[in-house]
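See structure below.
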2 protein chains.
Amino acid sequence: MSSKEVVSKRWQSGENGLTIERLPAKESFKSKAYAALKEAITHMNIYGSSEPMLLDERDISERLGASRTPIREAVAMLEQEGLLRAVPRRGIMVVRRSKAEIVEMIEAWAALESMAARLATQRASDEAIAELRTLFKKFDLSRIERDRCDEYSSANIAFHQALIRLSGSSLLAAMTENLFFHVRAIRHRTIFEMDRAQRSASDHLEIIVALEARDADRAERLVRDHTLRLAEHVENHVDLD
Amino acid sequence: MSSKEVVSKRWQSGENGLTIERLPAKESFKSKAYAALKEAITHMNIYGSSEPMLLDERDISERLGASRTPIREAVAMLEQEGLLRAVPRRGIMVVRRSKAEIVEMIEAWAALESMAARLATQRASDEAIAELRTLFKKFDLSRIERDRCDEYSSANIAFHQALIRLSGSSLLAAMTENLFFHVRAIRHRTIFEMDRAQRSASDHLEIIVALEARDADRAERLVRDHTLRLAEHVENHVDLD
DNA sequence: TCCGAAAAATTGGCATACCAAATACCAACA
DNA sequence: TGTTGGTATTTGGTATGCCAATTTTTCGGA
């Protein structure tokens with residue numbers, strides 16, 4: 001067997017149980033630009049003004065100290081992800097979602113998370129579920145001051161993310177994370193009203209109980225209805241456009 | 001009113017019923033490369049050999065008659081989409097999903113489609129649901145010859161896509177389409193066995209009945225279980241790695 | 001024949017330059 | 001003063017070239 005074949009085999013898969021991942025090396029400008037842009041978009045009040053938010057390639061490349069090429073690649077990725085939209089001769093703009101789109105996202109989220117709850121009742125360990133209860137006590141939403149909207153929002157999302165992790169499906173986690181990103185962006189507007197917090201807390205507790213009881217149907221339904229209520233709330237009480 | 005304002009108004013929105021959309025312009029090399037690569041990947045028997053399938057930037061740019069730059073942007077997009085993975089000094093490889101990942105995809109699909117079914121019972125028109133029945137009759141899966149695996153697979157997916165469209169959520173449609181892409185790639189292996197066709201057909205019929213009855217819970221459950229059975233089937237009877 | 005080191009070739013990341021389309025600007029004319 | 005035609009500028013798309021990290025090949029010595 002030639003040396004080449006041996007090397008090739010090593011890389012294919014670790015039949016020896018030792019999978020060698022190429023170390024991250026030094027991050028490329030492309031990834032750095034991607035991260036920087038996403039970070040910037042995250043902390044941007046997208047729905048603050050109604051003016052289109054434009055980005056300029058050359059400007060960005062100067063700020064980041066790189067050429068346009070890696071920036072363009074990063075933009076292409078974010079465009080694929082649905083966060084940006086590049087229009088020729090017009091600029092790169094941050095995509096603003098319509099209320100209808102946000103509602104669809106929350107509905108999709110409800111679908112994924114309710115499935116996660118179902119799977120969690122079948123797969124999560126008792127210990128893992130117990131941790132969820134701990135998290136619940138620690139960040140008891142009803143205790144958060146009524147004016148700390150962001151904190152409420154964060155704690156809320158933390159609970160949901162923890163729940164999704166219980167499913168053991170990294171895909172569900174990844175997909176919902178993406179949805180959270182968009183939904184989170186309108187938290188200023190949604191005013192995720194604090195009077196919903198009480199309801200949220202009790203909902204969450206009910207969900208935990210259902211998980212502990214390993215009641216798949218009930219857990220699924222509770223999660224679904226809980227999130228669909230948010231969708232309905234946004235539909236009825238949020239004005240974006 | 002000045003001429004300029006008239007023109008401006010015309011472009012804003014067609015209150016005169018004439019909406020002028022900016023013409024698509026000529027597709028950029030970037031989009032063409034993206035489409036070409038995706039097309040190529042689609043018709044590639046990804047799980048045919050166990051050898052890593054490598055792509056070469058320079059080779060691709062020559063074939064497409066463009067420079068490396070737009071190809072690299074297209075690759076960056078496909079990488080973001082999870083279809084490719086570019087490793088420095090090693091090449092661009094088509095991502096091969098593990099069985100576990102495929103199963104997770106089918107579970108996510110089940111989540112999204114069952115939600116679509118629920119929404120469809122609330123939103124789809126009787127006519128739209130009726131069309132689903134038409135489609136079902138036309139492509140009655142039980143009639144497809146037992147050796148036409150691809151045809152079965154296509155008809156199957158067509159039914160599911162039609163169902164999802166009934167929900168009216170373009171997001172659910174987009175997300176599942178992405179999942180279908182990956183699941184479809186293993187159709188040769190899954191042998192989506194034809195003996196499952198009979199079951200599939202009756203399942204589909206039941207689903208249609210539930211939709212017609214506007215029974216949200218039942219429609220949701222039928223769709224979920226139907227797809228989760230596929231996940232279980234893949235889990236138990238498919239060997240990828 | 002085998003091994004290892006050095007040289008050569010690959011290859012992806014990045015910078016730069018150029019181009020064409022589209023807009024902004026401006027001056028001349030009605 | 002307002003419109004118009006043309007020019008300057010901006011900006012995204014693409015091509016090209018260089019570089020550094022790696023891999024592959026070569027080749028001399030054991």
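Keep in mind that the numbers below use all heavy atoms, side chains included, and drop hydrogens, waters and symmetry copies. Chain identifiers are assigned alphabetically (A, B, ...) following the order of the sequence lines, protein sequences preceding nucleic acid strands; residue numbering begins at 1 within each chain. Please read these numbers as outputs of a predicted model, since none were measured by experiment.
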Legend entry - Carboxylate-amine/guanidinium proximity below 4.0 Å for E107(A) and R123(B): yes

Legend entry - Y34(A) OH to dG13(C) P, straight-line distance once rounded to whole Å: 16 Å

Inset, instruction - Return the value, rounded to whole Å, for the distance between atom CD of E73(A) and atom P of dG13(C). - result: 7 Å

Legend entry - Length of the line joining R68(B):CZ and dT10(C):P, which is rounded to integer Å: 14 Å

Legend entry - Ion pair check, K30(A) and E79(B), cut-off under 4.0 Å: yes

Legend entry - NZ/NE/NH1/NH2 to OD/OE distance under 4.0 Å, E57(A) and R68(A): yes

Legend entry - Separation of dA15(D) P from K32(B) NZ (nearest whole Å): 10 Å

Legend entry - Distance below 4.0 Å between T69(B) side-chain N/O and dT14(D) OP1 or OP2: no

Legend entry - Gap between atoms CG and C1', on D56(A) and dT23(C) respectively (whole Å): 14 Å

Inset, instruction - Could you pick out which residue, P70(B) or R58(B), lies toward the 5' side of DNA chain D when each is mapped onto its nearest nucleotide? - result: P70(B)

Inset, instruction - Rounded off to whole Å, could you give me the CG-to-C1' distance for the L84(A) and dG12(D) pair? - result: 15 Å

Inset, instruction - Answer with base, sugar-phosphate or nothing: what part of the nucleic acid does A86(B) contact at a heavy-atom distance below 4.0 Å? - result: nothing

Legend entry - Rounded distance (Å) that lies between atom P of dA15(C) and atom CZ of R72(A): 14 Å

Legend entry - More than 12 heavy atoms from other groups under 6.0 Å of CZ on R96(A): yes

Legend entry - Between dC19(C) (C1') and E57(A) (CD): distance, integer Å: 15 Å

Legend entry - Closest to the S28(A) side chain, choosing from dA15(C), dA15(D), dG13(C): dG13(C)

